[in-house]
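To start, the structure itself, in C-alpha cells.
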Amino acid sequence: MTPAVTPYPPGRGAGFLRVLHAEWTKIRTVRGWVTGLLAAAPMMVLAALLAGVGGNQEGAPPVPAGPHGGPVTDSFYFVHRPMAGDGSITVAVSALTSSIPKGPGDLGPGTVPWAKAGLVIKAGTRQGSPYAAIMVTGGHGVRMQDGFVNDTAGPPGPVSAESPRWLRLDRSGETVTGYASTDGTHWTEVGTARVSGLGSTAQAGLFVASPPAVRGGGTAGSVSTATFEDLHTREGRTGGHWTGTQVGARSPSFAGYPENTSGSFTASGSRITVTGAGDLAPAVRDSLPTGGHLRDLLAGTFAALIAVTVVGARFITEEYRDTTIHLTLAASPRRSRVLVAKAAVLWAVAFAAGLVGTLLAIPLGERLARGNGVYLFPVSSATELRVAVGTAALLATASVLALALGAILRHGAVAVAAVLVATVLPCLLTALPFTPAGLSKAVATVTPGAAFAVQQTLVPYHQVASNYTPYYGYYPLAPWAGFAVLSGYALASLAVAAVLLGRRDV
Amino acid sequence: MSAAEIVVTGLHKRYRATRALDGMSFTVRPGLVTGFVGPNGAGKSTTMRVILGLAAADAGTALVAGKPYRSLRHPLRHVGALLDAVAPHPGRTARNHLLWLAHAQGLSARRVDRVIEQVGLTPAARRKAGGYSLGMRQRLGIAAALLGDPPILMLDEPFNGMDPGGIVWMRGFLRSLAAEGRALLVSSHLMSEVQDTADRLVVAGRGRALADAGVAELIAAASGNRVAVRTTARPDATRVLGRAGGAVSATGPDTVTVSGLPADRVAALLTHGAVPFSELTAHRATLEEVYLELTRDAAEFRAATPTEAPR
C-alpha cells in the first residue's frame with residue numbers, strides 16, 4: 001500500500017496574474033534584457049545633451065514672434081506713411097510678377113503662388129508688430145490676412161493690366177475691414193479683423209513680399225515686383241510723401257534677396273512700382289532654418305528603438321533557443337495568455353524606461369539649447385507631454401511588435417532583422433533629406449514608422465508654401481493616428497503570433 | 001482513476017513522412033517507477049511532449065489524473081516534468097529560473113529554496129545557469145519538476161550527463177519519490193540506467209509500446225525454457241542435445257545454451273552420452289536481453305551484431 005500524494009495546495013493570485021508575475025520575473029532576471037530596455041533612458045538623455053550643446057546661435061539676430069507667440073517671417077518691402085486714428089486706404093494692383101533663380105546669378109520669370117502685393121495697416125515697422133493686410137497673390141487670388149496666421153480668401157484669379165484689382169482697407173478703432181473690387185466702384189467685403197495694438201498712429205501703405213519658392217526638397221529665394229495705381233486715402237489722392245522701408249532686413253526667418261536684387265519703389269504719375277522679397281506669415285521649419293524643435297532633442301529615439309526592439313524579439317526567441325518555451329507552456333498551457341503577459345510586461349518596462357528618458361531629455365535639451373542661444377519653436381506643456389508620452393509609447397509598442405515577430409519567426413537573428421526592417425528602416429528613410437517627398441510621406445503613413453508623428457510639434461500653414469515632409473518634422477498623419485498605425489501592426493502581429501503559438505507543436 | 005496516474009491510449013502522430021507515434025498506449029501507476037525505454041526515435045520524447053500538451057497527437061488520448069494536461073488549472077502541481085535538452089536561460093541564476101516557474105503556479109520563493117536544497121544545488125543556486133555542467137542542469141531540471149510537489153513525475157533521460165555519483169544519487173532519489181506514493185515515468189535509451197530502478201517497464205519501438213509489464217514478468221517471459229551448460233566438450237554436447245530435439249547455441253568457448261529441453265532431461269542426456277559438464281543452470285534473462293529481443297526489429301539503426309545476445 002503506497003501513501004496517497006495529493007496535489008500541492010493552491011497558492012495566491014488568479015490565472016492571468018500568475019502568468020504576468022512569471023513573465024515579470026523572467027524579464028527582470030536576465031541582465032542583458034534589463035540593460036537593453038533601461039538603456040533607452042540614457043540614450044535619449046545623451047542625444048538631447050549632444051543636440052543641446054551642438055548648436056550655437058549666440059549673437060544671432062532674434063527670431064521675431066507674432067501676437068500668437070509663434071515665430072514669424074516679418075520681412076517685406078513697405079511703402080508707408082503714418083495713419084492717425086481711423087482711416088481708409090485704396091489702391092489698384094495691375095501687375096504682379098515674380099522671378100526665381102534659374103542658375104547662379106541668373107534670375108528668370110517664375111511662379112511664386114504666395115507672392116503678395118497689396119495694402120497693409122501695421123503698428124510700425126518693428127518685426128512682429130500687429131497688422132492687417134489685403135493683397136493679391138501669385139496664385140491664390142485676393143486674400144485678407146492679419147496676425148500672421150489668419151488668412152481669408154477673397155475673389156480668385158490673377159491680376160493683369162487688363163483686369164486690375166482694386167483693394168481697400170478701412171480702419172475703425174481695432175477693426176480693420178478689407179474690400180476688393182474689379183472696377184474701383186463696386187466693392188466686395190473680403191474680411192474683417194480685430195487687431196489690437198495698432199496704436200493711435202499706425203503705418204499704412206503698400207507692400208510687396210515674395211517668399212522662397214519650393215523646388216525639389218529645398219527652396220530658392222524669389223523676388224517680386226508689383227505695379228500699383230490710383231493710391232489714395234480718405235483724405236484724397238496723395239502725393240510724394242511716402243517712405244520705402246525694408247522691414248526685417250536682417251532676420252533669421254528671412255533668406256534675403258536673390259543676388260543682384262533689392263527692395264525698392266519708384267513712382268511716376270499715379271503709378272507706383274514696388275519690388276520686394278520676404279513674407280508676412282508664420283515661420284515654418286524651412287523659413288527658419290536655425291530654429292530647433294522638440295524632435296531634434298529626441299534624436300536618441302532611434303538608438304533607443306533599436307535597443308528595445310532587439311530585446312523585445314529576444315524576450316521570446318531566446319526561449320525557443322534554450323527551449324525554455326517547453327517549460328513556459330507546460331507551466332501555462334493557455335498559450336495566448338503567455339503571449340499577452342509577455343507583451344504587457346515588455347510594454348510596461350519599455351514605456352517606463354522611455355518615459356524617464358523623454359521626461360529628462362526634453363527639459364535638459366531645451367535648457368542647453370536655449371543657453372546656447374538656439375531658438376526653439378515654442379510648444380505648449382500639453383504638446384510637450386504628448387511628445388514625451390507618445391515617444392515612450394512608440395518605443396514600448398515597437399518592442400511589442402518585435403516580440404510578436406519573434407514569436408512568429410522563432411529565430412533571434414531573423415526576428416531582429418525583420419524588426420529593424422519594419423521599424424527602423426522606415427524611420428531612416430524619412431530622416432534622410434534625399435528621400436523623395438512622396439516616398440517619405442507614404443512611408444510615414446503606411447509603415448510602423450508612422451508613429452513618429454507623435455513627435456511632431458511644428459504646425460503647417462496652408463498659406464506658407466514649404467516642404468512639409470517628415471524630414472522637416474511634418475508628418476502626414478496626426479500624432480495619435482500615426483501611433484495607431486504602429487499599434488495596429490503590433491496588435492495584428494500579436495494576433496498572428498497567438499494563433500501560431502496555439503497551433504504549433506513546440 | 002487516481003490523481004497519480006497517466007493513461008496513454010492509442011496515440012498517433014506524423015511529422016511529414018515520419019510516423020513518430022503509431023498507437024502508443026500504456027499506463028503509469030502511483031507508487032511505482034515506470035521505465036520508458038526504447039531506441040532513439042522510438043517515440044519516447046514525442047509521447048512525453050504529447051502528454052504535456054506541447055505537441056498535439058493526430059489521434060488518441062493522453063490523460064493526466066483523468067484529464068487532458070491542457071485543461072489542468074495548475075499543471076505543475078499535478079505533473080512535474082524534466083524535458084530532455086531544456087536549458088535554463090544562460091544569463092539567469094538557477095534560483096531565478098525556478099522563481100519564475102514558481103510564480104507561474106502561484107508558489108512562493110520558500111518552495112524554490114526547498115527544492116534547490118532537495119536536489120543539492122544550494123551552493124550554486126545564485127550562479128548563472130550558463131556556467132552549469134550538464135549534471136547540474138539535470139539537477140536543476142529535477143528541482144523544476146518537483147516545484148509543485150506533484151503526484152506524477154515525468155523525467156526524460158534524467159541520467160544524461162550525470163557522473164557515476166550522480167547516477168547513484170538519482171536512482172536513490174527516484175526510488176524515494178516512488179516510495180512517497182508518486183507515479184514516475186522515467187525514460188532512457190539505455191536499459192542499464194533503469195534496470196535497477198524501475199518496477200515496471202514500457203518498452204517503446206517504432207512509435208508504439210512493445211511491452212507494458214512488470215519487470216519480473218518480463219524477465220520470466222524472456223527467460224523461456226532455457227538451460228545454460230558449461231562443458232569442455234562443446235561439439236559433443238551440441239551433437240547429443242541436438243539429436244534429442246534441443247536447440248543449442250554456443251554462448252562462450254565452454255558454454256552452450258539449450259532451449260526446448262527441460263533441465264533434468266539435459267542432465268540425463270549428457271550423462272548418458274558421457275559428455276563431461278561442470279555446471280548446468282536454468283537460464284535467467286537479463287533486462288538487457290529482454291530489451292534487445294523486443295526492440296530487435298524496432299531499432300531504427302542497428303549495427304551488425306552477433307546472433308546471440310551478450311553474456
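For clarity, every value in this text was computed on a predicted model and none was experimentally measured. Reminder, nothing fancy here: chain letters follow the sequence lines and each chain counts from 1. Quick note: numbers below take in every heavy atom, side chains included, and nothing from hydrogens, waters or symmetry partners.
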* Asked: Is chain A contacted by the side chain of B:Leu99, its backbone, both, or neither, given a heavy-atom distance below 4.5 Å?
  -> both
* Structure fact -> Ranking B:Leu83, B:Asn96, B:Leu54 by heavy-atom pairs under 4.5 Å to chain A gives rank one to B:Leu54
* To do: Against chain A, label B:Arg70 side chain, backbone, both or neither, depending on which of its atoms sit under 4.5 Å from a heavy atom there.
  => both
* Within a reach of under 6.0 Å around CZ of A:Arg410, are more than 12 heavy atoms found that belong to other residues, nucleotides or ligands? -> yes
* side-chain hydrogen bond (donor to acceptor under 3.5 Å, both in side chains) assessment of A:Thr29 paired with B:Arg92 -> CA-CA 6 Å; A:Thr29 52; B:Arg92 210 179 264 134; 2.9 Å; yes
Considering only distance and modelled atom types, tabulate donor-acceptor pairs under 3.5 Å from the side chains of residues 135-142 of chain B, sequence neighbours left out.
from	atom 1	to	atom 2	distance (Å)
B:Gln138	NE2	B:Glu157	O	2.9
B:Gln138	NE2	B:Pro158	O	3.4
B:Gln138	NE2	B:Asn160	O	3.1
B:Arg139	NH1	B:Val119	O	3.1

Exercise answer: donor-acceptor pairs, residues 340-351 of chain A side-chain atoms, under 3.5 Å, sequence neighbours excluded:
from	atom 1	to	atom 2	distance (Å)
A:Lys342	NZ	A:Glu23	OE1	2.8
A:Lys342	NZ	A:Glu319	OE2	2.7
A:Trp347	NE1	A:Thr397	OG1	3.0

* Of all of B:Ser71, B:Gly91, B:Ala104, B:Ala102, which one pairs up most often with chain A through heavy atoms under 4.5 Å apart? -> B:Ala104
* Structure fact -> Assert top hit (heavy-atom pairs under 4.5 Å, partner chain B, pool A:Leu327, A:Leu329, A:Leu20, A:Ile325) equals A:Leu327
* **Sub-4.5 Å side-chain heavy-atom contact between B:Thr34 and B:Phe26** => no
* Go through the side-chain N and O atoms of A:Lys26 and A:Thr328 and say whether any donor and acceptor fall under 3.5 Å apart. => yes
* Structure fact -> Heaviest contributor of heavy-atom pairs below 4.5 Å to chain A, chosen from B:Ala144, B:Ala81, B:Pro90, is B:Pro90
* Asked: Taking the six-membered ring of B:Tyr69, is NZ or CZ of B:Lys67 closer than 6.0 Å to its centre and within 45° of its axis?
  -> no
* Residues of residues 489-499 of chain A within contact distance of chain B, non-hydrogen under 4.5 Å -> none
* **Residue pair A:Arg321 / A:His411, side-chain donor-acceptor N/O under 3.5 Å** => no
* To do: Can you sort out the partners of A:Arg504 under salt bridge (charged side-chain N to carboxylate O under 4.0 Å, His left out), two or more places apart, ordered by chain and number?
  => none
* To do: Against chain B, label A:Trp24 side chain, backbone, both or neither, depending on which of its atoms sit under 4.5 Å from a heavy atom there.
  => neither
